[in-house]
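For the numbers below, each heavy atom of this structure counts, side chains included, while hydrogens, waters and symmetry mates do not. Each chain gets a letter, A, B and so on, in the order its sequence line appears, and its residues count up from 1.
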Number of protein chains: 2
Amino acid sequence: MNTSFLQKSYEGNRSASLKKDIIRLLVIGGNYSITDISKEMNTSVPTITKLIVELISESYVLDFGKQGTNGGRRPNVYGLNPDAGYFAGVDISKDFISMGVINFKGEMNEFVGNREFVMENTIESLDSLCSIINSFLNKLSIPRDKILSLGVNLSGRVNSESGYSYSFYFLGEKPLSMLIEERVDCPVYIENDSRAMTYGEFMMGSDSHVKNMIFINASWGLGIGIIMDGRLYYGKSGFSGEYGHFPFFDNEIICRCGKRGCLETGVSGSAIHRMFTERLKEGRVSMLSGKFNNGLEITLEDIMDALQKEDVLAIEIIECVGNEMGKAISGLINLFNPELIVLGGTLAAAKEYIMLPIRSAINKYSLILVSKDTKLKLSRLGEKCGVTGACMLVRSKTLGLL
Amino acid sequence: MNTSFLQKSYEGNRSASLKKDIIRLLVIGGNYSITDISKEMNTSVPTITKLIVELISESYVLDFGKQGTNGGRRPNVYGLNPDAGYFAGVDISKDFISMGVINFKGEMNEFVGNREFVMENTIESLDSLCSIINSFLNKLSIPRDKILSLGVNLSGRVNSESGYSYSFYFLGEKPLSMLIEERVDCPVYIENDSRAMTYGEFMMGSDSHVKNMIFINASWGLGIGIIMDGRLYYGKSGFSGEYGHFPFFDNEIICRCGKRGCLETGVSGSAIHRMFTERLKEGRVSMLSGKFNNGLEITLEDIMDALQKEDVLAIEIIECVGNEMGKAISGLINLFNPELIVLGGTLAAAKEYIMLPIRSAINKYSLILVSKDTKLKLSRLGEKCGVTGACMLVRSKTLGLL
DNA sequence: ACTAATTAATAAAATATATTATTAACTATA
DNA sequence: TATAGTTAATAATATATTTTATTAATTAGT
């Protein structure tokens with residue numbers, strides 16, 4: 001009878017579906033009084049009262065006691081029980097992984113950023129990834145069985161529904177999510193990195209009322225995430241947002257996808273890296289010239305560091321890339337008429353060095369009437385964006401809130 | 001008590017909201033038995049029975065009697081009453097207007113295609129437009145008060161919520177929808193032409209299960225419409241879909257929007273028209289050379305006619321434009337991972353002449369994994385697309401089904 | 001400190017909806 | 001053409017939900 005709203009099929013079970021709606025409300029809006037929930041959900045106070053009592057007895061919800069008010073009897077406010085369960089997230093990028101855990105309320109309890117890890121398309125690499133995840137989870141003060149699920153971000157084509165990753169860790173028959181599940185012994189959802197970051201920024205961003213936003217993940221590659229009418233957009237197989245492979249340039253640079261002219265070949269961390277080393281080869285000077293001339297590998301992180309130290313070559317290249325990115329963003333504005341565009345990923349660390357040329361290109365290339373609707377911001381979450389998104393998204397998936 | 005589900009606010013009125021859901025179901029799926037509706041809506045048979053009886057007494061719904069079955073008692077099937085009301089639609093393009101009327105069931109009763117009309121940004125032009133609409137509506141066999149609303153398609157930036165059109169008929173203080181309403185004495189909704197066409201194709205297309213589709217309106221300009229998760233996408237102010245002004249080319253052609261490099265300058269009817277006349281000026285021959293050399297104006301329609309007659313220059317230019325369009329469509333595929341892309345508008349009449357280069361460019365420029373999800377089709381509705389969309393959309397808006 | 005006004009929470013009554021049982025209408029098959 | 005099996009529609013009953021009334025807790029003003 002008193003089945004958890006998480007379990008079973010609740011098709012046509014109004015009570016369970018209302019409970020889910022309450023959880024959704026608390027996830028998005030924090031704490032609420034019964035009267036507020038009742039108004040928000042167009043459902044009577046006695047019904048909400050009954051459901052809240054049940055949710056408390058199931059320990060998903062806590063009574064946080066009386067709240068201050070502007071006249072009248074003070075209501076009790078209710079919110080999610082932080083300890084009802086935890087959700088872990090892993091963000092895998094080109095050379096690093098980051099991991100974290102959020103509680104039921106969505107607060108991040110643990111975070112490990114940018115641990116070095118080189119991904120290879122082998123079972124061994126997957127084993128090693130999973131043992132890193134396992135040791136992270138075991139070191140937590142949270143009992144292992146309280147971690148309800150794990151979200152894993154990967155770049156490239158990821159079908160989070162089927163659990164298959166096609167660009168990385170495409171290791172044959174079984175879906176990747178199942179392979180990881182077998183190794184970490186906990187439900188696993190995989191997701192495209194840009195989409196997860198988008199969700200993180202959407203849920204944690206200051207503009208929580210925003211219903212139409214585009215997140216730009218400008219890292220080694222370039223991907224975007226799309227929130228439309230308040231929902232994360234996937235597309236037919238979850239491959240939406242591959243803006244990096246938009247045929248944007250008339251150049252002869254071969255993209256890692258095999259095609260040429262991709263936006264990514266001119267607008268991305270890899271593009272900056274290529275341009276920068278090309279210039280060094282041509283004899284341009286930079287504070288990285290020494291390292292380069294000693295035959296050492298220049299990384300994208302080196303370039304971003306140099307930028308912070310006002311390296312002229314880095315500034316110049318970022319400006320150039322920013323201009324093209326602004327042009328590309330103009331296209332998105334004309335296409336989506338979004339309320340908000342958030343720039344995130346590695347390149348977002350360039351802050352105003354990249355935002356300035358972007359803004360000026362938007363003025364140049366987008367329809368003014370359309371672009372004046374659109375706010376452009378830097379990611380609030382920074383390097384935690386990927387993990388936050390992974391955690392938030394896996395919570396929503398687990399609770400069935402999407 | 002027995003308030004029509006169309007009127008008043010039905011916030012928190014379950015009965016009215018269920019009625020709307022039934023209407024929505026019948027709009028999308030045609031006729032249903034009570035059992036089917038009950039299953040589809042997760043609501044009990046007695047409840048649905050009660051609501052259907054009410055809807056019949058309100059004359060929105062008709063009992064179409066017994067249906068054949070595969071064993072067991074035959075159910076009565078119910079569907080929309082065609083005569084419950086009518087919806088008119090007007091599609092205004094560069095040089096023509098088309099008008100039509102659908103009944104409550106969505107069947108087109110009347111259609112007048114491509115009546116010549118030159119739109120100007122003046123009150124006089126608007127007066128003349130409205131008198132054309134009025135005489136069309138008055139000539140119908142349908143009593144005027146049975147026409148519940150009128151949908152008007154315009155190209156350019158249209159905010160259908162506020163009723164303002166910013167690109168055409170931007171005539172000052174009052175919203176355009178109100179100006180037309182005053183002249184035709186019937187509720188008016190204005191809409192962007194590409195979006196309306198998209199909705200028409202979405203509702204009438206063969207692939208009715210498709211939840212993610214992109215419609216490409218390739219006419220004098222180039223616009224797209226977006227259906228995501230089964231819903232028509234508007235964006236913040238309803239300006240989404242302005243793909244024609246995506247900064248796509250590195251050319252020096254000034255677009256009608258004032259910017260340069262817009263996709264429209266290379267992929268659109270106007271681009272074909274420009275290229276064609278340029279070639280004629282350069283001395284290239286075509287079956288239109290005679291007309292051109294006599295100093296007569298060559299229209300886009302002339303070129304499309306010549307194409308049908310296998311004019312080599314027309315074929316050549318269409319092929320070239322098709323290739324660029326395919327490149328542009330590849331970008332959309334990578335971005336949206338849609339299930340279906342429909343090509344409509346004037347250029348769709350070029351059929352395989354344009355589809356072939358488009359398909360080949362998609363193979364060249366899109367990610368195979370993504371594009372193999374996507375079917376590409378020509379519009380089923382052809383020249384009726386705009387009016388059909390206007391009618392279907394204004395029905396949905398009036399019935400509150402969006 | 002008392003009173004009126006305001007809002008919250010609970011209880012009782014009324015209404016709405018769903019479940020189950022029953023009857024009806026039909027198909028397929030012996 | 002009878003009969004078992006199947007599905008639909010209706011009736012009766014049970015359950016769920018809302019509405020209204022009542023009580024509780026609080027603030028602001030006198």
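One can place CD1 of B:Ile48 at 15 Å from C1' of C:dT19, the figure rounded to the nearest angstrom. As a whole-Å value, the separation of A:Met41 CE from D:dT18 C1' is 14 Å. Look at CD1 on B:Ile34: it is 14 Å from C1' on D:dT7, rounded to the nearest Å. The interatomic distance linking B:Asn76 (CG) with C:dA25 (P) rounds to 11 Å, in whole Å. Atom C1' of nucleotide C:dA8 and atom CZ of A:Phe64 are separated by 20 Å, given to the nearest angstrom. For the pair B:Asn42 CG and C:dT19 P, the interatomic distance rounds to 10 Å; values are reported in whole Å. Residue A:Lys39 contributes atom NZ, which lies 8 Å from atom P of C:dT7 at whole-angstrom precision. Separating the CG atom of A:Asp63 from the P atom of C:dA9 is a distance of 9 Å, rounded to the nearest angstrom.
In this structure, A:Lys146 and A:Asp83 have side chains that are in contact, with non-hydrogen atoms separated by less than 4.5 Å. For the pair A:Glu107/A:Ile102, no side-chain contact is recorded, criterion being any heavy-atom separation below 4.5 Å from C-beta on. A heavy-atom distance below 4.5 Å is found between the side chains of A:Leu51 and A:Ser15.
Looking at B:Arg73, its side chain has no donor and acceptor atom pair within 3.5 Å of the base of C:dA25.
Distances were taken from every side-chain heavy atom of B:Thr35 (C-beta onward) to each of D:dT10, D:dA9, C:dA8; the shortest belongs to D:dA9. When each of D:dA9, D:dT18, C:dT17 is scored by its nearest atom to the side-chain atoms of A:Ser44, the top-ranked nucleotide is D:dT18. Set against D:dA9, C:dT17, C:dA9, the side chain of B:Lys50 has C:dT17 as its closest nucleotide. Distances from the side chain of A:Thr43 to the nucleotides C:dT19, D:dT18, C:dA9 place D:dT18 closest.
Contact check, A:Lys66 against D:dA25: no side-chain N or O comes under 4.0 Å of OP1 or OP2. In this structure, B:Thr47 reaches the C:dA18 phosphate: one of its side-chain N or O atoms is under 4.0 Å from OP1 or OP2. Between C:dA25 and B:Arg74, no contact under 4.0 Å exists linking OP1 or OP2 to a side-chain N or O. Between B:Thr49 and D:dA9 there is no side-chain polar atom (N or O) within less than 4.0 angstrom of OP1 or OP2.
Of all the heavy atoms in B:Tyr233 and A:Asp229, the pair that sits closest is CD1-OD2, 4.2 Å. Nearest heavy-atom pair, A:Glu191 versus A:Ser160, reported as atom, atom and distance to 0.1 Å: OE1-OG, 3.5 Å.
Listed by chain and residue number, B:Val45, B:Ile48 satisfy the side-chain contact (heavy atoms from CB on, under 4.5 Å) test with B:Ser38 (two or more places apart in sequence, or in another chain).
If you look at A:Tyr78 and A:Tyr60, their ring centroids are not closer than 6.0 Å.
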Protein and nucleotides 12-14 of chain D: nitrogen or oxygen contacts under 3.5 angstrom:
none

